[in-house]
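To start, the structure itself, in structure tokens.
Atoms considered below: every heavy atom in the structure, side chains included; atoms not considered: hydrogens, waters and symmetry mates. Every value quoted in this text rests on a predicted model; they were computed, and no experiment measured them.
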Protein chains: 2
Amino acid sequence: MALRNAVLAALIDRESSGYDLAKRFRVSVANFWTSTPQQLYRELEKMEAEGLLAARVVKQDKRPDKRVFSVTVSGRDALRAFTRQEPKPTTVRDELLVQVEALAHADVGSVRESIRARIEQSRQRLDAYEKLLAEILGARSHDEFLATGNRIGPYLTLSRGISFERENITWGELALDVLDRRYPA
Amino acid sequence: MALRNAVLAALIDRESSGYDLAKRFRVSVANFWTSTPQQLYRELEKMEAEGLLAARVVKQDKRPDKRVFSVTVSGRDALRAFTRQEPKPTTVRDELLVQVEALAHADVGSVRESIRARIEQSRQRLDAYEKLLAEILGARSHDEFLATGNRIGPYLTLSRGISFERENITWGELALDVLDRRYPA
DNA sequence: ACGGCCATGTAACTGGTTACATGATTAC
DNA sequence: GTAATCATGTAACCAGTTACATGGCCGT
């Protein structure tokens, strides 16, 4: 019942197949919601059964057929109703930070390696988010866009994703510095 | 099996009752892991049964007795083993950002109010984190601490929490500005 | 007298993860 | 020929949430 709102928000401006949605959840949506493909397939079925989504089969040649889902009027109403509710507090689950919290009792070499991997991943995400933002902006400046653009919601969530990943990188570099000082190789 | 590592990390330097742990999860641990008290009570029982934690009853007067849990040698080993594993990618679930993503189809007044509430909450968390950080630092400067301090893991996770909440506030203020421009009252 | 805090728990339910399965196509 | 991508799904399990329950103490 919580994933479904993220699905509605993701499909409202662009219909998608389950497969495509899963890809979007891996990249842009991952900013504010995470989900596995399996969860999505299951949820899409339920939402169709409840009339929030409509599915149509698109034939492709040299590729399997796909079922493309779009938000119905009833889905749109449900989304609007959701925006009127008080949002639940953010939940975060970050195993890397759990490992860092336990640093004094940790295998420091492994943790160092995990921090490096996290920096690399954040760089890639940052890159992807910046490209998406550039697409939304088009030729306009931020100010022009904010005055006249129409994908203002996605602009804002992407901005949040960008600052989040930047902070991840900055933090990771600080953490590596500290480890180098305190646990020299 | 994932919550348990966060519990071990939280208890390794300071034993706690279930009730106290729940409070710590609401404040400092919320940085990197969230959990309800109910989940904690259940997990603590399991972990004790598996020998990762030891419990002792502390009698208090004018207050109910409490069961205080501490990490056993076997728990310490499990924590160290966990730090050797590759951490799973961060999962985030943020309903407010889902609402913002759907802004064009949202009840803008409600969303604005929710952003304001989020800013306020982030201010309070920031405040709490900064106080905890000050406690860890004591009279030392950051540089001194990084060279000689011993709660370096918590220092790093708290730093991440602080920059996260600062970014929340900055982002929220930007979002409110944008809403005021595009959806004037 | 009432709400909030201390302290712990059970039960029922909902949501999320993992493993498995299938089969064609495209790129190296 | 091997791996990756396209495309969809089932089943079993594990984790997380919500509602309810109890009872004394403290402050206003």
Side-chain angles (χ1 to χ4, degrees), chain A residues 1-8 15-27 29-30 32-50 53 55-69 82 85-95 98, chain B residues 1-7 15-27 29-30 32-50 53 55-69 85-95 98:
Chain A
M1 290 299 201
L3 172 59
R4 78 178 30 189
N5 299 306
V7 169
L8 289 171
E15 55 172 20
S16 293
S17 66
Y19 190 84
D20 284 340
L21 232 206
K23 275 202 290 184
R24 290 168 57 197
F25 265 76
R26 249 196 3 242
V27 290
V29 180
F32 48 88
W33 210 270
T34 48
S35 162
T36 58
Q38 286 66 28
Q39 224 188 318
L40 288 173
Y41 278 115
R42 198 168 48 177
E43 192 70 23
L44 288 167
E45 289 309 316
K46 273 203 253 168
M47 291 170 77
E48 195 205 351
E50 294 173 34
L53 300 179
R56 67 194 169 84
V57 174
V58 174
K59 290 201 175 127
Q60 305 181 105
D61 44 65
K62 316 253 178 166
R63 272 182 199 301
D65 293 357
K66 58 181 176 182
R67 297 181 71 214
V68 172
F69 295 89
F82 163 68
Q85 285 172 43
E86 214 179 297
K88 291 197 195 139
T90 314
T91 65
V92 180
R93 303 214 158 86
D94 192 337
E95 292 196 350
V98 175
Chain B
M1 292 296 200
L3 172 58
R4 78 178 32 189
N5 299 307
V7 169
E15 56 173 17
S16 293
S17 66
Y19 190 85
D20 284 340
L21 231 206
K23 275 202 290 185
R24 289 168 57 197
F25 266 75
R26 248 193 8 238
V27 290
V29 180
F32 49 88
W33 211 271
T34 48
S35 164
T36 58
Q38 286 66 28
Q39 225 188 318
L40 288 173
Y41 278 114
R42 201 167 44 177
E43 193 68 24
L44 288 168
E45 288 309 316
K46 273 202 253 169
M47 292 171 75
E48 195 205 351
E50 293 174 34
L53 300 179
R56 65 193 170 84
V57 174
V58 174
K59 290 201 175 126
Q60 306 181 106
D61 45 63
K62 317 254 179 166
R63 274 183 198 300
D65 292 359
K66 56 182 177 181
R67 296 181 70 214
V68 172
F69 295 88
Q85 286 173 43
E86 216 179 295
K88 291 200 194 135
T90 314
T91 66
V92 179
R93 302 214 160 86
D94 191 337
E95 292 196 349
V98 175

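- Side-chain nitrogen and oxygen atoms of Lys88(A) include at least one within less than 4.0 Å of the OP1 or OP2 phosphate oxygen of dT18(D).
- Listed candidates were dG9(C), dC6(C), dT8(D). Nearest to the side chain of Gln60(B) is dC6(C).
- When the shell of 6.0 Å around CD of Glu86(A) is examined, it contains 12 or fewer heavy atoms from other residues, nucleotides or ligands.
- If you take NZ of Lys46(B) and C1' of dT10(C), they are 15 Å apart, rounded to a whole angstrom.
- Per the geometry, CZ belonging to Phe69(A) stands 12 Å off C1' belonging to dA7(D), to the nearest Å.
- Remark: P of dA7(C) and CZ of Arg56(B) are 13 Å apart, rounded to the nearest angstrom.
- Between the P atom of dT17(D) and the CG atom of Leu3(A) lies a distance of 14 Å, rounded to the nearest Å.
- Glu43(B) has its CD atom 11 Å from the C1' atom of dG16(D), to the nearest Å.
- Within 4.0 Å of Arg4(A), counting heavy atoms only, lies no atom of the nucleic acid at all.
- Spacing between atom CD of Glu95(A) and atom P of dT17(C) amounts to 11 Å, rounded to whole angstrom units.
- The salt bridge (Lys or Arg N to Asp or Glu O under 4.0 Å) test with Arg4(B) singles out one residue from Glu43(B), Glu45(B), Glu48(B), and that residue is Glu43(B).
- Looking at Gln38(B), its side chain comes within 3.5 Å of the base of dG9(C) through a donor and an acceptor atom.
- Note: Lys23(B) NZ to Ser17(B) OG = 8.0 Å, rounded to the nearest 0.5 Å.
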Lys66(A) vs Asp20(A), side chain to side chain contact (heavy atoms under 4.5 Å, CB included): CA-CA, chis, key distance, verdict: CA-CA 10 Å; Lys66(A) 58 181 176 182; Asp20(A) 284 340; 4.0 Å; yes

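- Taking all atoms of both residues into account, the shortest heavy-atom contact from Glu95(B) to Pro87(A) is OE1-CA, 3.6 Å.
- With a 4.5 Å cut-off on side-chain heavy atoms, Val7(A) and Phe25(A) count as touching.
- Within 4.0 Å (heavy atoms only), Arg42(A) reaches at least one base atom of the nucleic acid.
- Side chain Gln39(A) to base dG15(C): no donor-acceptor pair is found below 3.5 Å.
- In this entry the distance linking CZ of Arg26(A) with C1' of dC6(D) reads 12 Å, nearest Å.
- For Tyr41(A), a side-chain nitrogen or oxygen approaches OP1 or OP2 of dT8(D) to under 4.0 Å.
- For dT8(C), the OP1/OP2 oxygens have a side-chain nitrogen or oxygen of Ser17(B) closer than 4.0 Å.
- The side chain of Lys23(B) places no N or O atom within less than 4.0 Å of a non-bridging phosphate oxygen (OP1 or OP2) of dC5(C).
- Checking the phosphate oxygens (OP1, OP2) of dG16(D), no side-chain nitrogen or oxygen of Thr34(B) falls inside 4.0 Å.
- Summarising the geometry, the separation between CZ on Phe25(B) and C1' on dA7(C) is reported as 18 Å, rounded to the nearest angstrom.
- The side chain of Asp20(B) sits closest to dA7(C) out of dT17(C), dA7(C), dT17(D).
- Contact annotation: Arg93(A) does not reach the phosphate of dA15(D) (side-chain N/O to OP1 or OP2, under 4.0 Å).
- Taking 4.0 angstrom as the limit, Tyr19(A) places none of its side-chain polar atoms (N or O) nearer than this to OP1 or OP2 of dT8(D).
- Mapping Thr91(B) and Pro37(B) onto DNA chain C by nearest heavy atom places Pro37(B) closer to the 5' end of the strand.
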